[in-house]
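Written below as structure tokens is the structure these notes are about.
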2 protein chains.
Amino acid sequence: MPRQVDHESRRRQIAEAVCRLADESGLEGVTLRDVAARAQVSMGAVQRCFGTKEEMLVFALTHIGERVAARVGARIAASPAQSARTALGHAATEVSLLQEEHRAEARVWLAFVAQAAVSPSLAEIVRTNYAGLQALFARLIAEATETADPERTARTLLALTDGLTTHVLIGHLTPAAALDVLDAHLNDLWGPAAA
Amino acid sequence: MPRQVDHESRRRQIAEAVCRLADESGLEGVTLRDVAARAQVSMGAVQRCFGTKEEMLVFALTHIGERVAARVGARIAASPAQSARTALGHAATEVSLLQEEHRAEARVWLAFVAQAAVSPSLAEIVRTNYAGLQALFARLIAEATETADPERTARTLLALTDGLTTHVLIGHLTPAAALDVLDAHLNDLWGPAAA
DNA sequence: TCCGTTCCGATGCATCTGCATCACTTCGTC
DNA sequence: GACGAAGTGATGCAGATGCATCGGAACGGA
């Protein structure tokens, strides 16, 4: 058993490079050569880690999805004592990737989502991520409000956060405006339901 | 002044081909050759109509934006007698491109939006479209509800429709579920505001 | 120490891409 | 009717892209 290399960490390293490139010039700016260069690795190494380009993209997308999910989870776990209202607010804010330092992640996610519309293998991963987030939202909503249909409310919130993210990326909304919209929506969720 | 050709109609014809291709294989499946073939035109003709590929994409995007806007306008104008509530519902539904026959348009739009995140010239067109739709929504909302902040409500509705469209395209939501969400949201808009 | 397996990086190759070029057709004008 | 500008479409070209290949380096076991 000669020279063993940590494949997993290398794959992550390459996935990071994919994300950086996709952030800068979209998903079509992601070529094997550029990825290799950005990851400080030879093209051969990239080809060893991933048999094909699509395989690489799938891994990168999964990688990002996990990162976002992890951050949302951490944000919720970080302050378990607070009300479910603020927990939900934090979660939704995190999903929206509104903060400047996560804008890149959002751009990459958007690029992948668009590609997923014509690529079943990517679409499946995206769906899985959305399903997870929606379930999380639904749980928080159910235990924090008397909403009749938590699932529908969760679907609404998820779609809203997604749309807001997109609109911020495009420059149609400022991050502040998006936060304002999100906050108002959450307030409406509590206000009328309690009344 | 020899042989004059109707440039505008040819440009539209090419834009249609761009959309069909983008619908099938994403925006990166749009090459000059394929566009020419799909539009039943020689590559030279395409190059004459549009000096560069980006120019062509910009035109196609504008074309789609206008089509959607026109359809929304027509939908509203078609039944002016009804309540603003249903008018708004129709407009939002139309914007969401939920109907099967407009799914292609939605896919193309999503592809362009993702590209716009890294292309200023496309982003500008997308922004213009969103601004127009938001203004329309805001107007309808203002004259139909007693909402305190019509602009914010419009922003919310627009982001929601956009998110729903995306989620339907990805397959995370069925069109019926998206319609359900949209309808419930509109109801909430009237219910609590009136109370 | 030496061998063999595993991995690496460079190079090759067929294909495709956007754009430029150029001979040719078409048609209004003189 | 001929001239010539406007428009057309085939072809050329340089560069990029994904993938395959191959000689050799690196490293664990005997």
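Source: prediction; values computed, not measured. By convention in this document, chain letters (A, B, ...) are assigned in the order of the sequence lines, proteins followed by strands, and residues within each chain are numbered from 1.
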### Task
Let me know the distance between CD of A/E28 and P of D/dG18, rounded to the nearest Å.
12 Å
### Task
For C/dC7, take OP1 and OP2 only and decide whether either is under 4.0 Å from a side-chain N or O of A/R48.
no
### Query
Are the side chain of A/T145 and the backbone N or O of A/T147 linked by a donor-acceptor pair below 3.5 Å?
yes
### Query
So, B/Q40 versus B/Q13: side-chain donor-acceptor pair below 3.5 Å or not?
no
### Task
Without swapping roles, check the side chain of B/R71 against the backbone of B/E94 for a donor-acceptor pair under 3.5 Å.
no
### Query
A/Q40 has an atom CD; how far is it from atom C1' of C/dG9, in whole Å?
15 Å
### Message
Measure CZ/B/F50 against P/D/dG9 and give the value in whole Å, please.
### Response
15 Å
### Query
Base, sugar-phosphate, or nothing for A/V30, non-hydrogen atoms under 4.0 angstrom?
sugar-phosphate
### Task
Inspect the contact between B/E24 and B/R38 and indicate whether a charged nitrogen and a carboxylate oxygen are less than 4.0 angstrom apart.
yes
### Query
Separation of B/I14 atom CD1 from C/dG18 atom C1', in whole Å?
15 Å
### Task
Can you tell me which residue pairs pass the salt bridge (Lys or Arg N to Asp or Glu O under 4.0 Å) test with a partner in residues 106-134 of chain B, sequence neighbours excluded?
B/D23-B/R107
### Message
Nearest to the A/T31 side chain among C/dG9, C/dG18, D/dT17, which nucleotide is it?
### Response
D/dT17
Produce the list of close N/O pairs, under 3.5 Å, pairing protein atoms with atoms of nucleotides 19-21 of chain D; give distances to one decimal.
residue	atom	partner	partner atom	Å
D/dC19	OP1	A/T52	OG1	2.9
D/dC19	OP2	A/K53	N	3.0
D/dA20	N7	A/Q47	OE1	3.2
D/dA20	N6	A/Q47	NE2	3.1

#### Entry: Heavy-atom side-chain contact between A/F137 and A/T153 under 4.5 Å
no
